[in-house]
Each structure stands twice: as C-alpha cells, then as structure tokens.
Protein chains: 2
Amino acid sequence: MSDQTLMNAFAALAQPTRLAVFRLLIREGPQGLPAGEIARRLKVPQNTLSAHLAVLARGELVRSRREGRHVIYAADLEGVRRLILFLTRDCCHGKPERCEALVNALLPSCGGMSAER
Amino acid sequence: MSDQTLMNAFAALAQPTRLAVFRLLIREGPQGLPAGEIARRLKVPQNTLSAHLAVLARGELVRSRREGRHVIYAADLEGVRRLILFLTRDCCHGKPERCEALVNALLPSCGGMSAER
DNA sequence: TTATTGTTTCAATATTTCCAGAAACAACGA
DNA sequence: TCGTTGTTTCTGGAAATATTGAAACAATAA
C-alpha cells in the first residue's frame, strides 16, 4: 500500500459522517448497503454522502458494486487489515517485546480467539 | 477514547510530515527525540514541526516531556493501541470468524510471537 | 543581569475540505 | 418512448488546515 493510500485512509476516518459510515458498513458485513439506505440511516443528503463514500473508497476502506439501480457499498476488510498492519508493524519494528502488550490487548477483543492459538 | 480523540488521531496521520514524524518516533522508542532533532532529521522548519507535533499530541499519538531546554517527544503506544483496538473491535464485532484473517495476518508481523500463544 | 539555545505562539496567506442545491447520469418499468 | 427511482457530478461559498516569518517564552550559562 502506498503512503498516499494510507494517508487517504486516515483522512477518510477523520470526519464524523465518514466514521459513522465506516462503522455502519463494518457491522453490515460483506453484503453491504445501498448508498441511499446509508444516507437514510445516517440522515445525510445523498449527494453529500456520495462524496463521503468516494473519500472512503479512495482510502480503500469501502468497495462498491452495482446491483440494478442500486450501488452497494461494503467495507473493504483488506483495507482495514492493511491499516492495522501498518500500525502494528511500525510499532514492534525490530523489538517484539514492545509489541507484546499490543497483541495481548488485541486478541481478547476478538471473541476469545486467543485461546485457540 | 472519545470519537473526537479518535478522529484527531486519524487526522494527525493523514499528512505526510506527521506520518513521517510518527514513524520516526515509533522507531525511536520510549526515550523519544527533542523537537529540534526531529525537525533537523526531517528537514522541516521548527515552527512548522511544532504545529505538527501539537496535532499529533491532540490525537494522543505522542507525548512530550521537558528535559532542561529540550522538549522531548515520544510515541504514545497506548494511543496507538487504542487505534488498533478500534479498528479491530469494530471489525469482528459479534462475528469472530470475520476477524480471524485479520489476526492471522497480524501475529506473524510481530516477531514470531504467534508461536508462543 | 545579559547572552545563547531550544521551542512555541502569533499573524497572515495559500490551500484544501465540507456542504448541499441543481443538473446529469444510470437502470428499470410501463 | 417516457417517467420514476437511485446515484453521482458540478458548482460555489463557508470553514478548516498548512506553512512560515517574526515575536515571545523557557532554561541555562557567563
């Protein structure tokens, strides 16, 4: 991922409406939601939301697909993963012990998966 | 962490100079670097850098302490952790299997710690 | 005290982002 | 074809951010 995409992603999440959209889409999962439905739920004008969705897409945090008249937006988990990876990789760069606290704090939040590995 | 702090953190990382400062400080570890030294290394005027450091501090990504004439800046790993936690928690909210790919991708980057847990 | 070094704050300009009305575009049904 | 619904693009003005010279502030030494 280029630094530009990385910064686009961070910039995308630095705005209340877009943060709300991101949270919503993460919760909706891979099937996503039509642009209009997102606008309705968040009570944002459709053209304003469209601009915000474009910003999120530039940061590779959401993807869109057309289904008939609808344009469906869904979170791009690959993009999220790269963001987390960036934060984590730089964090324990060369010093795993510095990362330990991070990982320990991270795993329990993932539905008890820590017990399995 | 408030949404405002969260957005401040994302906004802080959405600018090339600040991204560079963040990377530098993460690598320098807890002892950190004086503001002037950061400015010298990144070839940024000191007053410009000072403004950027203030933005990073507002996002709780760096902390400062005074040592004599120097003001030392160091990465705030707690802040980074909260960022990662936000991204991860929202991501696997209620559906751990959705998170699995994330965590698997995450652990190997941390110096082989995955083998130990 | 004065001088020196390190850093931040102030002030002003340039650039970017945010927002929403209006218009255009896209897909479908009648 | 035309009309309707869903979405994006265009446009312009308001608000926020970036940058840096100059001034102020802080700590120390002479």
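Every chain is numbered from 1, with letters handed out A, B, ... down the list of sequences. Computed over heavy atoms, backbone and side chain alike; hydrogens, waters and symmetry mates excluded. The structure presented is a predicted model; accordingly, all values stated were derived computationally and were not measured.
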Check: Arg18(B) side chain, Ala20(B) main-chain N or O, donor-acceptor pair, under 3.5 Å: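 No; judged by distance alone, with no hydrogens or angles, the pair does not exist.
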
Keeping Arg65(B) on the side-chain end and Ala74(B) on the backbone end, is there a donor-acceptor pair under 3.5 Å? no

Polar atoms only, N or O, under 3.5 Å: list the protein pairs with nucleotides 15-18 of chain D and their distances.
from	atom 1	to	atom 2	distance (Å)
dA18(D)	OP1	Arg18(B)	NH1	3.1
dA18(D)	OP1	Arg18(B)	NH2	2.9
dA18(D)	OP2	Arg18(B)	NH1	3.3

Check salt bridge (charged side-chain N to carboxylate O under 4.0 Å, His left out) between Glu78(B) and all other residues, then give those that pass, not counting sequence neighbours.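 Arg81(B).
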
Tell me whether Val55(B) shares a hydrophobic cluster with Ile26(B), the cluster being built from Ile, Leu, Val, Met, Phe, Trp, Tyr side chains joined at under 4.5 Å.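 Val55(B) does not cluster with Ile26(B).
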
Can you name the residues that form a side-chain contact (heavy atoms from CB on, under 4.5 Å) with [X], not counting sequence neighbours?
| X | value |
| --- | --- |
| Gln46(B) | Ala39(B) |
| Ser64(A) | Val71(A), Tyr73(A) |
| Val44(B) | Thr17(B), Leu42(B), Thr48(B), Leu49(B) |

Worked check of side-chain contact (heavy atoms from CB on, under 4.5 Å) between Ile38(A) and Glu28(A): CA-CA 11 Å; Ile38(A) 301 171; Glu28(A) 287 299 317; over 6 Å; no

5' to 3', nucleotides 2-11 of chain C under a 4.0 Å protein heavy-atom cut-off (B base, S sugar-phosphate only, - none) gives --BBSBBB--

To the nearest Å, how far apart are Arg41(A) CZ and dG6(D) C1'?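 My rounded result for the distance is 17 Å.
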
